Q: 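First the structure, then my questions, so here it is.
A quick note: this is a predicted structure, and the numbers were derived from the prediction, not measured.
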Amino acid sequence: QVQLMESGGGLVQPGGSLKLSCKMSGIILSVFTGSRLAWYRQASGKERELVAEIVSSDFTNYGDSVRGRFTVSKNNVRRTLYLQMDNLKPEDTATYYCSAADQYWGQGTQVTVSS
């Protein structure tokens, strides 16, 4: 059974940084390395939006609102997806979800950016 577990969320001041992790258990290596892995977020009252996606180190993509501030990466050995978030803004406040192969989803981790 594939399970995705996010961690690393919390409260941070504007301009601060957080690093989210998504540990994927039960996922076979070929799926982890060859599939699209992604971070989405959903703010209160808004639709879920793509934050970042990665297939390999040669292919990453970011939402317009986070490009240049966020960095997505993964560790194949640890089966873990990461999202480094720098220069955070209040509008980044949302629940962040990781997904794998457009099939599997985590439960989400809350990120709140506020002074």
Side-chain angles (χ1 to χ4, degrees):
Q1 181 180 0
V2 177
Q3 291 186 323
L4 279 59
M5 180 66 70
E6 302 96 338
S7 61
L11 173 64
V12 63
Q13 292 186 342
S17 297
L18 282 175
K19 186 172 185 178
L20 305 184
S21 298
C22 174
K23 174 66 177 176
M24 302 186 186
S25 58
I27 191 168
I28 62 175
L29 183 60
S30 61
V31 173
F32 186 86
T33 59
S35 299
R36 174 178 173 275
L37 309 178
W39 288 98
Y40 288 83
R41 69 185 181 187
Q42 187 166 19
S44 179
K46 296 186 178 181
E47 294 186 353
R48 187 173 294 188
E49 64 172 343
L50 175 69
V51 176
E53 58 185 339
I54 181 170
V55 177
S56 69
S57 59
D58 295 327
F59 179 80
T60 59
N61 184 46
Y62 298 89
D64 290 341
S65 61
V66 307
R67 189 172 290 114
R69 300 187 296 122
F70 290 11
T71 304
V72 63
S73 62
K74 63 179 182 176
N75 184 308
N76 291 337
V77 174
R78 297 181 177 180
R79 307 286 205 279
T80 302
L81 176 69
Y82 302 100
L83 184 68
Q84 176 67 43
M85 306 186 294
D86 298 316
N87 190 21
L88 283 160
K89 304 176 180 181
E91 51 265 41
D92 294 318
T93 295
T95 301
Y96 285 70
Y97 301 89
C98 59
S99 74
D102 297 317
Q103 297 181 58
Y104 309 106
W105 291 84
Q107 293 300 306
T109 186
Q110 178 67 35
V111 172
T112 302
V113 184
S114 175
S115 56

Q: Please list all pairs meeting salt bridge (charged side-chain N to carboxylate O under 4.0 Å, His left out) that have one or both residues in residues 20-32, counting only residues at least two apart or in different chains.
A: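 Qualifying pairs: none.
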
Q: Among pairs that include at least one residue of residues 85-96, which meet side chain to side chain donor-acceptor pair (under 3.5 Å), considering only residues two or more places apart or in two chains?
A: Ser17-Asp86, Arg41-Asp92, Arg41-Tyr96, Arg69-Asp92, Gln84-Asp86, Thr95-Gln110

Q: How close do Val55 and Gly34 get, heavy atom to heavy atom, and via which atoms?
A: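 Answer, listing the atom of Val55 first, then Gly34: CG1-O, 4.1 Å.
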
Q: Name all residues meeting the ring-ring contact (aromatic ring centres under 6.0 Å, His included) criterion together with Tyr40; count only those two or more places apart in sequence or in a different chain, and write none if there are none.
A: Trp105

Q: Filter on salt bridge (charged side-chain N to carboxylate O under 4.0 Å, His left out), then keep only pairs touching residues 103-115, sequence neighbours left out; what's left?
A: none

Q: Counting heavy atoms not belonging to Gln107, are there more than 12 under 6.0 Å from its CD?
A: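 Count not over threshold, so no.
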
Q: Look at atom OH of Tyr62 and say whether more than 12 heavy atoms of other residues, nucleotides or ligands are closer to it than 6.0 Å.
A: yes

Q: So do Val2 and Val31 actually touch side chain to side chain, heavy atoms under 4.5 Å?
A: no

Q: Calculate, to the nearest 0.5 Å, the distance between atoms OG and CG belonging to Ser73 and Leu83 respectively.
A: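 Here the rounded value is 8.5 Å.
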
Q: Report the residues that fulfil salt bridge (Lys or Arg N to Asp or Glu O under 4.0 Å) with Glu53, sequence neighbours left out, ordered by chain and then residue number.
A: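 Glu53: salt bridge (Lys or Arg N to Asp or Glu O under 4.0 Å) contacts with Arg36.
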
Q: Please list all pairs meeting side chain to side chain donor-acceptor pair (under 3.5 Å) that have one or both residues in residues 4-16, counting only residues at least two apart or in different chains.
A: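 The answer is none; no pair qualifies.
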
Q: Please report the closest heavy-atom contact between Ser114 and Pro14, naming both atoms and the distance.
A: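 Heavy atoms only, the tightest pair is C-CD, 3.6 Å.
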
